Amino acid sequence: QKEVEQDPGPLSVPEGAIVSLNCTYSNSAFQYFMWYRQYSRKGPELLMYTYSSGNKEDGRFTAQVDKSSKYISLFIRDSQPSDSATYLCALPRAAGNKLTFGGGTRVLVKP
Amino acid sequence: KAGVTQTPRYLIKTRGQQVTLSCSPISGHRSVSWYQQTPGQGLQFLFEYFSETQRNKGNFPGRFSGRQFSNSRSEMNVSTLELGDSALYLCASSFGRVGTGELFFGEGSRLTVL
């Protein structure tokens with residue numbers, strides 16, 4: 001079993017819909033929770049990160065963490081075609097920059 | 001501010017050869033990490049360098065190696081290439097090693113092994 005599991009999709013939604021993405025993890029040592037976005041033929045870029053359980057909002061994006069269930073989510077409101085990308089959850093170890101990534105979910109927002 | 005620069009962007013090698021990939025981090029960033037991305041395994045951590053020292057290493061064979069120079073630029077080398085080494089190799093930099101995951105990635109070097 002992988003440390004971080006993520007549904008690979010693809011997830012196809014109409015423009016304006018809410019996109020819901022999630023990851024589960026098995027190691028309670030993870031303290032920070034990140035979401036990266038990767039466009040085709042590009043490197044991943046950090047979208048959001050959060051430390052504690054609960055919600056964190058940034059514009060159209062909301063990250064949600066439930067440490068008791070080891071479950072993290074990312075919601076994209078009013079989705080746009082430009083949101084079409086692969087979304088990866090990433091969990092860093094407490095020290096250093098070793099990230100454990102989920103497999104990524106490919107999202108397609110249709111105009 | 002220039003981003004992370006990786007060279008070459010694309011390369012084709014044959015089995016048994018070796019390859020060297022280069023990464024120039026964002027100015028002022030001292031930590032450089034390398035990741036391998038494949039369709040089957042996703043993004044996997046290779047190693048991290050900080051102040052010219054390897055600080056962390058992933059579960060890859062010894063054929064994969066790297067180094068960091070005094071100007072923080074980094075190189076990774078793969079010797080005796082195998083077909084399974086075909087992948088996108090991503091370099092990421094950050095200012096420190098605080099472990100918050102705020103890494104800045106380059107666009108990667110896509111290696112094809114024939």
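Lettering of chains follows the sequences in order, A, B, ..., and the numbering in each one begins at 1. Keep in mind that this is a model prediction, so the values were computed, not measured.
One distance of note links NZ of A:Lys98 with CZ of B:Phe47; it measures 13.0 Å at 0.5 Å rounding. With values rounded to the nearest 0.5 angstrom, A:Leu46 atom CG is found 8.0 Å from B:Leu103 atom CG. A distance of 11.0 Å separates CZ of A:Arg41 from CD of B:Glu107, quoted to the nearest 0.5 Å.
Across all their heavy atoms, A:Pro44 and B:Leu90 have their closest contact at CD-CD1, 3.8 Å.
Counting only residues at least two apart or in different chains, ring-ring contact (aromatic ring centres under 6.0 Å, His included) contacts with residues 3-24 of chain A are absent. Counting only residues at least two apart or in different chains, disulfide (SG to SG under 2.5 Å) contacts with residues 2-47 of chain B comprise B:Cys23-B:Cys91. Among residue pairs with one or both ends in residues 35-45 of chain B, those qualifying as side chain to side chain donor-acceptor pair (under 3.5 Å) are A:Gln38-B:Gln37, B:Gln36-B:Tyr89; sequence neighbours excluded.
Within a 6.0 Å radius of NZ in A:Lys42, other residues, nucleotides and ligands contribute 12 heavy atoms or fewer. Within a 6.0 Å radius of NZ in A:Lys110, other residues, nucleotides and ligands contribute 12 heavy atoms or fewer. Enclosure of atom CZ in B:Arg73 by more than 12 non-hydrogen atoms of other residues, nucleotides or ligands within 6.0 angstrom is indicated. Within a 6.0 Å sphere centred on CG of B:Asn59, heavy atoms belonging to other residues, nucleotides or ligands number 12 at most. By the 6.0 Å contact criterion, CZ on B:Phe69 is enclosed, its count of non-hydrogen atoms from other residues, nucleotides or ligands being greater than 12.
Clustering ILVMFWY residues whenever any of their side-chain heavy atoms sit less than 4.5 angstrom apart, transitively, puts A:Trp35 in the very cluster that holds A:Val109.
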* To do: Report the C-alpha separation of A:Tyr36 and B:Phe105 in whole Å, then their side-chain angles, then the decisive distance to 0.1 Å, and conclude whether the ring-ring contact (aromatic ring centres under 6.0 Å, His included) test is met.
  => CA-CA 10 Å; A:Tyr36 278 82; B:Phe105 284 85; 5.6 Å; yes
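Contacts of residues 9-19 of chain B with chain A at a heavy-atom distance below 4.5 Å involve B:Arg9, B:Tyr10, listed in sequence order.
With a threshold of 4.5 angstrom between heavy atoms, A:Leu91 does not approach chain B through any atom at all. For chain A, no part of B:Leu46 is nearby; none of its heavy atoms comes within less than 4.5 Å.
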